[in-house]
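Heads up: the structure comes next, in structure tokens.
Note: hydrogens, waters and symmetry copies are ignored here, and every other heavy atom, side chains too, is used.
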Amino acid sequence: MAEKKITTDSGIEIKPVYYPEDLPAGWKQGEQPGEFPFTRGVQPDMYRGKQWTMRQYAGFSTAEESNKRYHYLLSQGVSGLSVAFDLPTQIGYDSDHSMAEGEVGKVGVAIDSLEDMQVLFDGIRLESVSTSMTINATGFILLSFYVALAKLQGADLTKISGTIQNDILKEYAARGTYIYPPKPSMRIITDIFEWCSSSLPKWNTISISGYHIREAGSSAVQEIAFTLSNGKAYVQAAKERGLDINVFGKRLSFFFNAHNNLFEEVAKFRAARRMWASIMKELGATDPKAMMLRFHTQTGGSTLTAQQPHNNISRVTLQTLAAVLGGTQSLHTNGYDEALSLPTEEAARIALRTQQIVAFESGVADTVDPLAGSYFVEALTQQLEEQAFALIARIDAMGGSVTAIEQGFMQDEIARSAYEYQKGIEKGEKIIVGVNKFQLKSEEPIPLFKIDDSIRQVQTQKLNALKNNRNPALVDQVLQNLNDKAASGENIMPAVIEAVEQKCTLGEIADELRSVFGEHR
């Protein structure tokens, strides 16, 4: 009887046992971490020198409520904040807009104005905290709120550090929270690159995201191929603007998913680093720091189950190990209850403690790239790289990521992968504990975190008060100035910052640009 074929989640066949001859051709025993092509990590001493940044992604309800959670998380030992925004904020609608009904404060915090941003970070010095903001279509507006707040705090902008996701291409391919068509969206992103390189030098201007590609159902191979291909498109757009790849290249960061297949995930992170180094070299980078792939990881939201939710603590622990063994720079761990609701305070604390236990009790951070030299891991790293580069070559042949997305190629590939994976679960070939095996007849309900619908009313009252307490002629003037800059092709960032300082709302700024750029359908 033929032995059963076993594969990774990407369909790569796994041998029963691996030997020295399975090491990739040209495998270098002496490769150093912190040196090109960075397979073994971007720092020579990795976590011996500095722990990864422990973030907890949080944001819900009003700025006041989220601010309380941030202070709680900081008191529990997080080393960086990570802001989740509600859906209206993500797609450029104020809380009082008809399109916002039923969504205000639900999947993140509602931020309509600079006043909301002031409340969100009340009691938190922006100079002393690194903030990541998961925001894309309206990333330029939220960054402007943040910069305006830093100025009000008297902060030195050259010391402000953090990241905006600002990755619009994956929105078209996988997630859907876009506003403007691809070309003007790419123009806004290069405006941010250009403005930050001189005015906000420590800010990571983009977090090129494979996370949402994986959440939409891609394989690990597709996650790195599509993410790095999108990265190439951003680099090419910036170079066409005349920006220096060795300068803006150092401010690019990435955002990956960590799933349950431990060795495939570790190999994925190692392969991605090596691939990006060679891509950047090919695109003209000469500074090794501009070739480094630095990345944030979040544990896999789509792997969490509503059935037997406490099992998710074990899943998140495995995923944390994968991220750390793979050399992440920053990590968010999901709450065990997130298949059912936003995380409760208890779930968020357990998620953070998972990172802290791995960091301080497991020993996996004591040496750099501890799985290097494993015949299996090295072979798998090579296979992932080869398959991902083959997929990138197909995208390049179409004319790059923007064209591949416009033609629906990425979307179709992700949908096919998601379908195959689900089919495997339904046939019982892929076991999900508690879902298609080891089920319980009945389960005890767990306490859920609920958001009150009255938040929209609270936000609307705040908006009305803001609009009654500003100079309408000045508002018209700064919005017209923004319109002119957008139409003429000038960098819009100074005009957006001016608009938020004159109390223009997120929705007003987004609408002004809708009138210039149109909306993507």
Side-chain angles (χ1 to χ4, degrees), residues 62-63 83 85-100 104-105 108-122 126 133 135-153 155 157 160 164 166 177-180 184-185 187-189 191-192 195-196 199-200 456 458-519:
T62 60
V83 185
F85 297 96
D86 73 356
L87 199 53
T89 303
Q90 292 180 48
I91 52 177
Y93 293 117
D94 288 333
S95 298
D96 59 358
H97 195 284
S98 59
M99 290 288 281
V104 177
V109 61
I111 299 292
D112 294 321
S113 68
L114 176 56
E115 287 184 4
D116 283 336
M117 199 63 131
Q118 283 175 278
V119 173
L120 187 67
F121 289 99
D122 185 40
L126 301 192
M133 295 189 277
I135 194 76
N136 297 285
T138 55
F140 65 103
I141 307 174
L142 273 301
L143 179 60
S144 298
F145 285 150
Y146 198 82
V147 168
L149 175 57
K151 286 162 76 176
L152 287 172
Q153 287 188 354
L157 291 188
I160 295 293
I164 41 170
N166 197 30
T177 63
Y178 44 73
I179 303 174
Y180 314 111
S185 292
R187 174 262 176 102
I188 293 171
I189 287 167
D191 280 359
I192 294 167
W195 184 82
C196 286
S199 303
L200 213 63
R456 183 165 185 247
V458 171
Q459 285 298 113
T460 300
Q461 286 165 355
K462 284 202 274 183
L463 278 164
N464 290 338
L466 174 85
K467 288 174 183 177
N468 289 331
N469 189 29
R470 63 183 189 178
N471 183 327
L474 256 181
V475 168
D476 290 344
Q477 186 184 316
V478 293
L479 288 175
Q480 185 56 52
N481 180 45
L482 173 61
N483 191 302
D484 295 343
K485 294 279 191 289
S488 70
E490 283 179 74
N491 193 308
I492 64 168
M493 282 302 292
V496 179
I497 293 166
E498 181 189 33
V500 306
E501 288 176 330
Q502 294 301 331
K503 302 185 179 179
C504 292
T505 69
L506 171 122
E508 289 169 335
I509 293 165
D511 280 348
E512 199 62 47
L513 296 182
R514 280 182 177 98
S515 72
V516 180
F517 300 141
E519 286 192 82

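In this structure, Leu143 and Ile192 have side chains that are in contact, with non-hydrogen atoms separated by less than 4.5 Å. Under the 4.5 Å side-chain criterion, counting only non-hydrogen atoms from C-beta, Arg187 is in contact with Phe517. Looking at Ile497 and Lys151, their side chains come closer than 4.5 Å, going by heavy atoms from C-beta outward. Side chains of Leu126 and Tyr146 form a contact here, defined as non-hydrogen atoms less than 4.5 Å apart. Looking at heavy atoms from C-beta onward, Lys467 lies in side-chain contact with Asp96 at the 4.5 angstrom threshold. Counting heavy atoms from C-beta on, the side chains of Gln118 and Asp122 never come closer than 4.5 Å. Counting heavy atoms from C-beta on, the side chains of Leu114 and Leu152 come closer than 4.5 Å. Using a 4.5 Å cut-off on side-chain heavy atoms (C-beta onward), Thr138 and Phe85 make no contact.
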Test log, rule side chain to side chain contact (heavy atoms under 4.5 Å, CB included), inputs Lys503 and Val475: CA-CA 7 Å; Lys503 302 185 179 179; Val475 168; 5.6 Å; no
Side chain to side chain contact (heavy atoms under 4.5 Å, CB included), that's the test. Do Leu474 and Glu498 meet it? Break it down for me. CA-CA 10 Å; Leu474 256 181; Glu498 181 189 33; over 6 Å; no
Let's go through Val104 and Tyr93 carefully: what are the C-alpha distance in whole Å and the side-chain angles of both, what is the deciding distance for side chain to side chain contact (heavy atoms under 4.5 Å, CB included) to 0.1 Å, and is it a yes or a no? CA-CA 10 Å; Val104 177; Tyr93 293 117; over 6 Å; no
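Nearest heavy atom pair, residue Thr89 against residue Ile135, reads O-CD1, 4.2 Å. Taking each heavy atom of Leu157 and Ser199 in turn, the nearest pair found is CB-O, 3.6 Å. Across every non-hydrogen atom of Arg456 and Ala100, the tightest pair is NE-C, 4.2 Å. Of all heavy-atom pairs spanning Ala499 and Ile509, the tightest one is CB-CD1, 4.0 Å. Nearest heavy-atom pair across Ile160 and Leu200 is CB-CD1, 4.2 Å. Of all heavy-atom pairs between Phe140 and Val496, the closest is CD1-CG2, 3.9 Å.
One distance of note links CG of Leu466 with CG of Asp94; it measures 9.0 Å at 0.5 Å rounding. Taken from CG in Leu482 to CD in Glu508, the straight-line distance is 11.5 Å, to the nearest 0.5 Å. The distance from atom CG of Asn491 to atom CD1 of Ile188, rounded to the nearest 0.5 Å, is 10.5 Å. Leu479 contributes atom CG, which lies 5.0 Å from atom CD of Glu512 (distance to the nearest 0.5 angstrom). Rounded to the nearest 0.5 Å, atoms CG (Leu506) and CG (Leu142) are 6.5 Å apart. The distance from the OG1 atom of Thr505 to the NE2 atom of His97 is 10.5 Å, given to the nearest 0.5 Å.
Under the 3.5 Å distance criterion, with hydrogens and angles disregarded, a donor-acceptor pair is assigned to the side chains of Asp116 and Gln459. Residues Ser113 and Glu115 bring no donor and acceptor atom of their side chains to less than 3.5 Å of each other. Gln502 and Asn471 share no side-chain donor-acceptor pair at under 3.5 Å. Between the side chains of Asp86 and Gln90, not a single donor N or O lies within less than 3.5 Å of an accepting N or O.
Checked against salt bridge (charged side-chain N to carboxylate O under 4.0 Å, His left out), Asp511 has the following partners two or more places apart in sequence or in another chain: Arg514. In this structure Asp112 satisfies the salt bridge (charged side-chain N to carboxylate O under 4.0 Å, His left out) test with no other residue, sequence neighbours excluded.
Counting only distance, with no hydrogens or angles, the side chain of Tyr180 and the backbone of Ala510 share a donor-acceptor pair below 3.5 Å. Without hydrogens or angle criteria, Asp191 side chain to Ile492 main chain gives a donor-acceptor distance under 3.5 Å.
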